[in-house]
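One structure below.
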Amino acid sequence: MRLTSTALATLALGISTGPGLADDPETYFEDETIRVIIPFSSGGGTDTFGRYISEYLGEHIPGNPTVVAENVTGAGGLMGANEYANAVDSDGYTLFTASGHMNLRMFLGLADLELSLDALEPIVAGPMGHVTAIQADLIDEPEDIAELDSITKGVTDPVGLVEALLAVEAFGIDYNAIPGYDGRGDTRVAFERGELDITTQGTPPYLSNVMPLVEEGTAQTLWAIGFTDADGNPVRDPAVPDIPTMPEVYESIHGELPSGEAWEAYQVAANLVQNTRGTMWVHNDAPEAAREALHMGVASMVEDEDFLAAGEEVLAGYEIMHGDGLEEVNRVMEESPEEVLDWMRDFLTEEFGVEFDN
Amino acid sequence: MSPLSRFTQTGLVVVMLAFFVYVLWASQGFRDAARIFPTTIAVAGILMALGELARQLLTRFRPEEADITDLGDDASMDIRAHFVTSGKLLAWLIGFVALVFTVGLIPATVVFVFAMMRLQFATPLWPSVLVTAGVLAVVLTLSRVLLLRWPQPLIPIPGL
Amino acid sequence: MIEAMIEALFILLDPYRLSMLFLGVIIGIGVGILPGLGGLMGMALLLPFLFGMDTYAGIALLVGVLAAVPSADTFPSVLMGIPGSSGSQATIMDGYPMTRKGQAARALSAAFLASMIGGLIGAVALSAVLPFARPIVLAFGAPELFMLTVLGLCVVGVLSGNRPLKGLVAAMAGLLVGAVGGAPVAPEYRYTFGSLYLFDGFSLVIVALGLFALPEIIDLLARGGSIARRADKGAAGTGWWDGIRDTMSHKWLVVRHSLFGVFLGFLPGVGSTITDWLNYGYVVQTSRDKENFGKGDVRGVIAPEAANNSREGGALIPTLLFGVPGNSAMALFLGAMLIFGLQPGPQLVARDLDLLFVIVWSLAIGNVLGTALCLVLSRPIAMLSYVPFVYVAPFVLLIVILGAYQESRHMADLVALLSFGVLGWFMKRSGMPRPPFLIGFILSGLAERYLWQAYSIYGWAWLMHWMVIVIAVIAVVLVVSGVMLKGSAQGKPQRPGKEDAP
């Protein structure tokens with residue numbers, strides 16, 4: 001009886017019974033269990049990404065540890081994040097999967113969120129772009145957008161669609177924010193119904209749900225959020241290369257790229273959020289051997305044909321980022337000027353009442 | 001209606017009334033979008049609770065008919081004895097949750113199920129042992145199937 | 001279209017896929033029987049196995065779970081008055097009193113046959129309506145959805161019996177308890193006392209288990225004996241055929257409520273969360289002889305059970321057409337579809353017809369399999385109601401606690417469960433109806449959100465939308481007819497012997 005319950009308790013609790021050789025990445029994870037905390041509920045985009053990686057990562061990390069994904073949900077992801085910050089040893093046996101917006105919340109220091117990006121190191125990330133559409137009867141072509149008076153825009157959680165808000169903001173369009181939508185799916189239906197004038201969707205739902213409306217003639221594609229390079233030049237979204245990005249549309253109207261604080265903030269948000277739509281993090285003070293073993297695992301995993309085949313749909317046509325490829329993420333994190341972040345915090349606080357810690 | 005039932009019935013409405021008043025008071029600090037709904041409902045709740053208290057006062061000598069709300073409960077029982085037993089059982093439950101917090105779920109389950117069957121219900125030894133073992137098996141299986149990870153108790157028992 | 005339908009049937013008849021469907025049904029029955037777990041949990045358990053699986057097999061597996069849960073969750077509702085999952089709450093109202101009277105087998109067999117027919121109607125409706133469903137779903141904007149929440153609240157009147165004020169107080173309390181946590185239309189956390197646990201508010205599973213399960217367990221233990229009051233061992237398990245006959249003789253009721261269930265499943269957010277309560281209110285309000293409702297009228301079992309199975313067919317419509325899940329289990333189904341690269345949307349209907357019909361067939365076959373299995377199981381499981389409750393209670397209690405804990409996996413879940421248990425026990429003992437509290441709790445966030453949206457988008461003009469007016473009229477009729485019937489009921493002489501009820 002005692003033996004069984006001990007074994008079961010070990011299994012159920014995911015307790016690791018002491019590391020192997022502490023400083024050798026080849027053996028660090030031997031016979032161990034890695035727990036992946038996913039702070040959102042099953043079935044969402046972040047969960048799917050986290051479970052997809054968890055499914056394949058174990059067999060590629062030296063020592064073949066068992067990888068178990070676990071949803072620790074609550075308070076919009078705060079429960080899981082705070083558990084990772086406070087209740088977990090930074091020994092590499094526990095990883096954390098965040099969405100791009102979760103990363104931005106950590107970056108800006110949302111009130112009550114105790115996990116900070118400063119304490120984390122990315123292992124692997126998957127990008128995801130967004131596209132904005134508008135009701136077709138409002139404008140004839142995207143360039144008319146500058147002449148609109150005021151449009152209705154659905155708001156879920158303001159940080160959760162900050163790149164869409166900042167795009168409208170940088171463009172200088174006046175909008176009436178309608179609160180209380182559960183997610184982007186809800187705002188999309190309200191858009192189809194005509195209750196909302198403008199909607200921004202992730203690329204896959206844009207292609208499957210908004211494109212038919214565009215073809216039908218009831219909606220019009222406005223712009224893609226896209227990316228920017230280190231000098232602030234627009235970079236098109238690889239999944240929808242034909243759709244001009246917001247700054248390109250702006251340039252075709254005004255003859256120059258947007259400027260001002262909203263535009264600076266937009267660059268930070270668009271790059272951070274869209275590059276890291278799903279990110280797996282490890283404590284950056286975990287033993288070097290652990291971090292190295294994880295990076296080795298990812299490097300080997302992305303060569304695995306099965307992994308790539310199974311993930312075609314999860315990744316939605318974007319290339320997975322790992323190793324040196326994660327530098328783009330690190331660049332945004334390190335080079336974003338503090339005054340731009342302050343402006344973004346003030347914007348979210350004043351317009352939407354979001355509270356930050358500093 | 002027994003005096004005890006009448007007391008419970010009035011007491012519960014008073015507690016609800018207090019709850020409505022608290023919500024009304026606590027809501028006043030919120031911004032508009034978060035304040036209007038609870039304020040309206042709390043005011044309506046206060047009025048209805050007062051109305052219900054008035055109704056209970058007016059009908060206090062009249063018997064109340066059983067209806068859809070009773071879920072097939074029977075009328076023939078000793079209310080006072082029922083309250084006492086239920087109170088004891090509730091104490092057992094609170095004790096169990098306290099035990100889960102201190103020593104963890106698995107040991108707490110064993111102790112609670114066995115002790116309650118023996119002490120509260122005077123069940124014979126062997127049936128108590130069997131039920132305890134059965135419950136333990138169910139809990140262990142379900143925790144495993146559902147991947148439930150129980151949090152660390154305050155005083156973990158080594159080996160469990 | 002017919003070709004696609006037949007083709008899909010052959011796709012599904014592959015032994016591997018069929019066995020996956022069957023596995024899904026078994027898992028669905030397992031999580032359905034356990035109080036507190038539902039389709040959400042069942043599918044969440046399967047999610048990790050879906051990567052790399054054959055698309056049709058994976059879909060059959062998940063739909064099997066979806067189809068079986070609303071049948072299996074009837075067991076705890078009928079046998080112990082414990083809501084098995086969110087779909088079978090209203091079944092308690094008459095199913096449990098029937099068990100107390102020793103008619104558990106009859107209630108269960110009636111429920112399962114109704115479920116089977118309801119599920120089949122749901123599957124047929126899904127395939128028939130899907131091509132035309134878009135405009136219907138789009139017709140329900142924020143104002144219309146708000147009026148539906150009002151309609152849901154009007155059912156409270158039906159559930160409050162002779163003392164409507166008590167029911168209303170309970171409903172108001174439920175609405176306010178539902179307001180705990182993040183406000184739906186403003187970044188404000190209400191009544192959380194700074195506790196992160198309360199940021200999301202209380203979970204429906206914990207509130208329902210607390211209000212109904214714990215008081216019932218305590219009362220049954222305190223009273224002693226078995227669940228069925230007449231411990232007539234010879235009668236155990238009889239009445240199985242009576243239940244079948246009950247459902248057959250109320251076949252129009254089954255059809256009507258199945259269709260109503262499909263329609264409610266359509267409406268994301270509102271309809272599918274309170275399908276069973278609206279159906280219960282509907283059947284009580286349209287029955288001429290209603291004095292037995294709440295005391296074990298079999299119609300009160302048949303109506304919600306037919307509806308909660310057919311609802312799954314309806315709820316797939318917004319999920320497949322708009323990518324908007326009607327409830328949390330559908331949200332997970334949506335996530336699983338994305339794993340297979342199926343983006344829901346209008347083109348899913350145009351392009352992936354075979355897939356669509358695989359879903360329909362899985363739903364139909366899974367439903368028949370699930371209800372048939374439940375029908376077979378119902379006779380032996382009904383025997384539980386004759387076992388001394390002392391032996392059953394520890395199992396039920398621990399399963400309820402596990403079910404509550406898996407909600408957010410936080411110790412505070414247990415404290416919340418216990419608190420709602422105490423509240424529920426006092427409500428039960430003082431004749432304050434618990435269903436209105438639960439309905440208020442469910443509808444709270446929805447009502448606040450849709451009202452605010454309706455006002456922000458349309459100003460007061462939303463009150464003049466024709467559908468808003470139609471729903472308002474239905475709500476008024478529901479309330480007025482309830483009041484009038486109560487008035488006439490009071491004219492009748494009171495039955496002696498029932499008067500001293502606690």
Side-chain angles (χ1 to χ4, degrees), chain B residues 1-2 5 8-9 12-13 16 19-20 23 26-27 30-31 33-34 37-38 41-42 44-45 48-49 51-52 55 63-72 74-75 77 79 82 85-86 89-90 93-94 97 100-101 109 113 117 121 123 127 131 134-135 138-139 142-143 145-146 148-149 151, chain C residues 41 45 81 92-93 96-97 100-101 159-162 165-166 168-169 172-173 175-176 179 183 185-186 188 190-191 218-219 221-223 229 293-296 390-391 394-395 398-399 402 405-406 409 411 414-415 418 421-422 425-427 429-433 448 452 494 498-502:
Chain B
M1 191 177 239
S2 74
S5 293
T8 317
Q9 152 171 303
L12 185 62
V13 179
M16 296 243 170
F19 170 65
F20 294 144
V23 168
S27 308
F30 301 147
R31 59 197 105 213
F37 179 78
I41 301 293
M48 286 165 190
E52 169 63 17
R55 185 196 69 83
E64 296 208 344
E65 202 186 351
D67 64 10
I68 201 165
T69 58
D70 295 335
L71 284 182
D74 58 60
M77 58 189 219
I79 298 291
H82 187 75
T85 323
S86 302
L89 288 168
L90 186 66
L93 279 184
I94 293 172
V97 170
V100 173
F101 274 96
T109 306
V113 174
M117 294 200 77
F121 297 107
T123 317
V131 169
V135 171
V138 168
V139 169
L142 277 181
S143 309
V145 172
L146 303 180
L148 285 183
R149 221 170 34 83
Chain C
M41 190 68 216
L45 291 175
I92 297 173
M93 295 298 295
Y96 183 57
R100 302 288 303 276
K101 288 199 264 179
L159 294 166
S160 307
N162 301 330
L165 268 176
K166 267 189 182 172
L168 284 171
V169 169
M172 294 298 139
L175 279 166
L176 290 177
V185 292
E188 187 100 61
R190 297 186 293 207
Y191 330 114
I218 290 182
D219 271 3
L221 279 176
R223 181 176 293 117
R229 263 173 294 168
F293 279 107
K295 300 184 190 117
V390 175
Y391 296 120
F395 291 93
L398 261 298
I399 290 171
L402 281 175
Y405 176 73
Q406 59 87 27
R409 311 191 166 208
M411 278 292 202
L414 302 188
V415 179
L418 213 57
V422 173
W425 190 83
F426 276 106
M427 288 178 79
R429 283 269 72 87
S430 61
M432 185 179 274
E448 183 172 6
W452 191 267
Q494 293 190 344
K498 271 298 218 180
E499 294 175 354
D500 233 21

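Chain A is the first sequence line, chain B the second, and so forth, proteins listed ahead of strands; every chain is numbered from 1.
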Is the shortest heavy-atom distance from the side chain of [X] to the side chain of [Y] under 4.5 Å?
X: C/L414; Y: B/V100; result: yes
X: B/H82; Y: C/D219; result: yes
X: B/M16; Y: C/M172; result: no
X: C/M432; Y: B/V13; result: yes
X: C/L398; Y: B/L142; result: no

Strictly under 6.0 Å, is that where the ring centroids of B/F30 and C/Y191 end up?
yes

Segment of C/M41 engaging chain B (4.5 angstrom heavy-atom cut-off):
side chain

C/A222 versus chain B, the contacting section by heavy-atom distance below 4.5 Å:
both

In Å, rounded to the nearest 0.5 Å, how long is the span from [atom1] of [X] to [atom2] of [Y]?
X: C/L168; Y: B/M48; atom1: CG; atom2: CE; answer: 4.5 Å
X: C/L418; Y: B/L90; atom1: CG; atom2: CG; answer: 6.0 Å
X: B/F37; Y: C/L175; atom1: CZ; atom2: CG; answer: 5.0 Å

So, does C/E188 use its side chain to make a donor-acceptor pair with the main chain of B/R31 at under 3.5 Å?
yes

Between [X] and chain C, with a heavy-atom cut-off of 4.5 Å, which part of the residue counts as in contact: side chain, backbone, both or neither?
X: B/L12; answer: side chain
X: B/V131; answer: both
X: B/S86; answer: both
X: B/T8; answer: both
X: B/V113; answer: side chain

So which of B/G45, B/A49, B/P38, B/A26 has the biggest tally of heavy-atom pairs under 4.5 Å with chain C?
B/P38

Quick one: which of B/V97, B/T109, B/L89 has the most heavy-atom pairs under 4.5 Å with chain C, could you say?
B/L89

Could you pull out all residues at least two apart from C/W452 that satisfy ring pair (Phe, Tyr, Trp, His ring centres under 6.0 Å)?
none

